[in-house]
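So you know, we letter chains A, B, ... as the sequences are listed, proteins then strands, and number each from 1.
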Amino acid sequence: MKMSQLFVQTLREFPSDAEVMSHKLLVRAGFIRKLASGIYNYLPLMWRVLRKVETIVREEMDGAGAQELLMPFVQPEELWRESGRWDVYGKELMRLKDRHDRGMCLGPTHEEVITFIAREGIKSYKQLPVNLYQIQSKFRDEIRPRFGLLRGREFIMKDAYSFDSTQEGLEKVYKVMADAYTRVFDRCGLETKSVQSDSGAIGGAVSHEYMVLIDDTENNAGEDNVFFCKKCDYAANSNHATSILPEAVLDGGFSECKLTDTPNTFTVEEVAGFLNVPTTVICKSMIYIVDKKPVMALIRGDKQFEETKVMNALIANGFGSINEIRSAAPAELEEIFGAGKGFIGPKNLCHSEHSEESPAKPVKIEVIADLTTKEMKNFVIGGNENDKHYVGVNWGADVPEPKFADIRLAEAEKGELCPVCNEPLYLTKGIEVGNIFQLGTKYSEKMNAVFTDEEGKERPFIMGCYGIGISRTASAAVERHHDEWGIKWPIAIAPYHAIVVPVNVSDGKQSQIANEIYSKLLAKGVEVVIDDRDERAGVKFKDADLIGFPFRITAGKTVDEGLVEFKTRETGEVEKISPDEAVEKVFKALGK
RNA sequence: CGGGAUGUAGCGCAGCUUGGUAGCGCACCUCGCUUGGGACGAGGGGGUCGCACGUUCAAAUCGUGUCAUCCCGACCA
């Protein structure tokens, strides 16, 4: 490809609306252009990168025994009603009407459609297992698209779905897919960590996310918090991570349960200071409004809540499905408890009946307590009266024992330890480029997708689903591989392998040598660009660095001595070698 | 949806406070010159100042509304 004909416009400055480096560089280097918020054009260079990522994914998926297909991007409402997600999915699901006023949606994921396909096509256990995948644009009307391709509304995803007759079968595929995932990202030049995660709205029991770790506090492209252990392979998303806590004082030492004045103590630290006790004997209360109903969550004073865990604990305790969870506003606290932030507690909650005369008195409110509160004794809670706390509280005796669950946010900086091997736990940022779920029968049951087993009985498919963000993976690669001059594409996904630069196109010798090198590379299938533009050397070098060609061969003044310059983008290493040696070096790097 | 900010040429910005000919750098076109890290000179093209309404003799500038974009919190590949 001649640079003069390549459809690319590099910019001299970063776009003003970009925040993270991958977004800035992809726009500036002419890979993408925004069409609307979270919606991008993939220009020719980007498309080459995306196709390379896709090819790697295809090879690994096919190798893992999955078969490629393509499902519709527009899907009918009725299918989503079958799974129950039409009402649950929320505004991320882009809904529309066709000319006959029938409800449709743009596919944010394809569990419904694939389940439809499976129930039509798979009737017998003899046809199982089956693993199907597609690579396609998805649309999710994100609340807040940002960071360019990292969180777009339209994005390219590989989604695979497995069908098995047994849980063992599912676990087997899951393992095979996990291995394939590691290879995919490895081949893309990305180091990833497999972390345990919350299964979220898609449902299911076991799930792992593949994270590209971003160990750089300046860089906020890593939207997820990942806890990991350096000794064993424990790693978990913060919405799922747990930890072993250091020893702490759990007995408040109060001799009796008593309502005590604690004026102007709005925070746990202030209460602890006033009462002269450690924060670990204070039981912190938090009110969440869950689908308009207030719920009380309790945790040890020095710890924080993890909302996803709170939500899961509520669901596990029979709360049904939850659409919205948020912390209560101060005004709501006053209205419900007659007390403000800092003075709410679990005492006298379920005992009094609601009455019209005193609507401020709480009625039966769900209480969920973190495991850290279970062993606490003679502890402190809010008095449900401003400027008052109860001290010397014990479960059972003073407050009915609540339901206990792990709803705590792990905190590595507080000396917490790995739950597996007791070694220090670390926290880092990560970009989630893929995930794998053991779905079970969630969709097959709801959508009546069944097969006949060996005993002639109908049973729902046991499903798994496996996603890779193709466009996000490419973007994460830029996030990990760049410097102040531009992108440093890993060879496997670079849009082109090399660029040949005749410094001065009006110099016959330089042009001739450059063209010879170009032809030799092309002849062996190297993806190469020749910068035939009548530009000054600086312009060409800047563009080459910005776009991120892994190799640059420059034919300049040294051609008179029979030498060209060979530059490796990744290392910045520069060598003066003969044209043939330069060509050979590229062949070698590409295994040709 | 809540909080903050910004909309002026393809990109990056000034002008707005104090209303009166729409500007600068880069990019683009022509000519010259130059050719190893985003040269230089001369000439040129390109803008309903996001949109609407209002105030005014007169609005990029003041007011109201609206839309879009970005950032901080709840979604997820």
For [X] and [N], what is the distance between atoms [atom1] and [atom2] respectively, to the nearest whole Å?
X	N	atom1	atom2	result
A:E307	B:C75	CD	C1'	12 Å
A:F31	B:C11	CZ	P	19 Å
A:E92	B:A77	CD	P	12 Å
A:R569	B:G37	CZ	C1'	13 Å
A:D17	B:G10	CG	P	15 Å
A:N504	B:G37	CG	C1'	15 Å
A:L106	B:A77	CG	P	18 Å
A:M3	B:G38	CE	P	16 Å

Side chain to side chain donor-acceptor pair (under 3.5 Å) between A:K309 and A:N239, worked out: CA-CA 7 Å; A:K309 287 186 179 181; A:N239 63 22; over 6 Å; no

Could you check whether [X] gets within reach of a base, just the sugar-phosphate, or nothing at all, counting any heavy atom under 4.0 Å?
X	result
A:P15	sugar-phosphate
A:V433	sugar-phosphate
A:F14	sugar-phosphate
A:D545	base
A:L93	nothing
A:K158	nothing
A:G152	base
A:E535	base
A:D534	base
A:G434	sugar-phosphate
A:E13	base

I want to confirm an ordering. Mapping A:V503 and A:R144 to their closest nucleotides on RNA chain B, which one lands closer to the 5' end?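 Comparing both residues, the 5'-ward one is A:V503.
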
Position toward the 5' end of RNA chain B (nearest nucleotide), A:I156 or A:R28: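 The residue mapped nearer the 5' terminus is A:R28.
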
Residue [X], side-chain atoms from C-beta onward, closest of [options]:
X	options	result
A:S506	B:U35, B:G38, B:C76	B:U35
A:I143	B:A77, B:A27, B:C75	B:C75
A:V539	B:U35, B:A39, B:U69	B:A39
A:E19	B:G36, B:C71, B:U34	B:C71
A:F147	B:C72, B:G36, B:U69	B:C72
A:R146	B:G36, B:G73, B:C26	B:G73
A:R552	B:G38, B:G37, B:G36	B:G37
A:E223	B:A77, B:C75, B:G38	B:C75
A:L11	B:A77, B:C11, B:C76	B:C11

Test salt bridge (Lys or Arg N to Asp or Glu O under 4.0 Å) on A:E59 and A:R187 and set out the steps. CA-CA 11 Å; A:E59 288 172 5; A:R187 287 181 62 186; 2.6 Å; yes

At less than 4.0 Å, is any side-chain N or O atom of [X] found next to OP1 or OP2 of [N]? Yes or no.
X	N	value
A:S16	B:U6	no
A:R140	B:C76	no
A:K557	B:G36	yes
A:K34	B:C70	yes

Looking only at the aromatic ring of each residue, does the gap between the centers of A:W489 and A:F31 stay below 6.0 angstrom?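 Yes: the rings meet the under 6.0 Å criterion.
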
Does NZ or CZ of A:R472 come closer than 6.0 Å to the centre of the six-membered ring of A:F155, within 45° of the ring's axis?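 That pair does not qualify as a cation-pi contact.
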
Can A:K585 be said to sit on top of A:F566's aromatic six-ring, NZ or CZ under 6.0 Å from centre and within 45° of the ring axis? yes

When you compare B:A60 with B:C51, how far apart are their P atoms, in angstrom units rounded to a whole number? 10 Å

Same-atom distance (C1') from B:G46 to B:G23, integer angstrom: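 So the two C1' atoms sit 14 Å from each other.
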
Between [X] (side chain) and [Y] (backbone), is there a donor-acceptor pair under 3.5 Å?
X	Y	result
A:N131	A:Y133	no
A:R569	A:A498	no
A:E561	A:T558	no

For [N], give the paired nucleotide (Watson-Crick: N1-N3 plus N6-O4 or O6-N4; G-U: N1-O2 and O6-N3; both under 3.5 Å), or none.
N	value
B:G25	B:C11
B:G65	B:C51
B:A39	none
B:C76	none
B:U18	none

Under the criterion of centre distance below 5.5 Å and interplanar angle below 30°, is A:F541 classified as stacked on the base of B:G38?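 A:F541 ring does not meet the centre or angle cut-off for B:G38; no stack.
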
Among A:E92, A:E432, A:E223, the one residue meeting salt bridge (charged side-chain N to carboxylate O under 4.0 Å, His left out) with A:R151: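 With A:R151 as partner, salt bridge (charged side-chain N to carboxylate O under 4.0 Å, His left out) holds for just one option, A:E223.
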
Ignoring hydrogens and angles, answer whether the base of B:C76 and the side-chain atoms of A:R472 contain a donor-acceptor pair closer than 3.5 Å.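 By the distance-only test, yes, there is a pair.
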
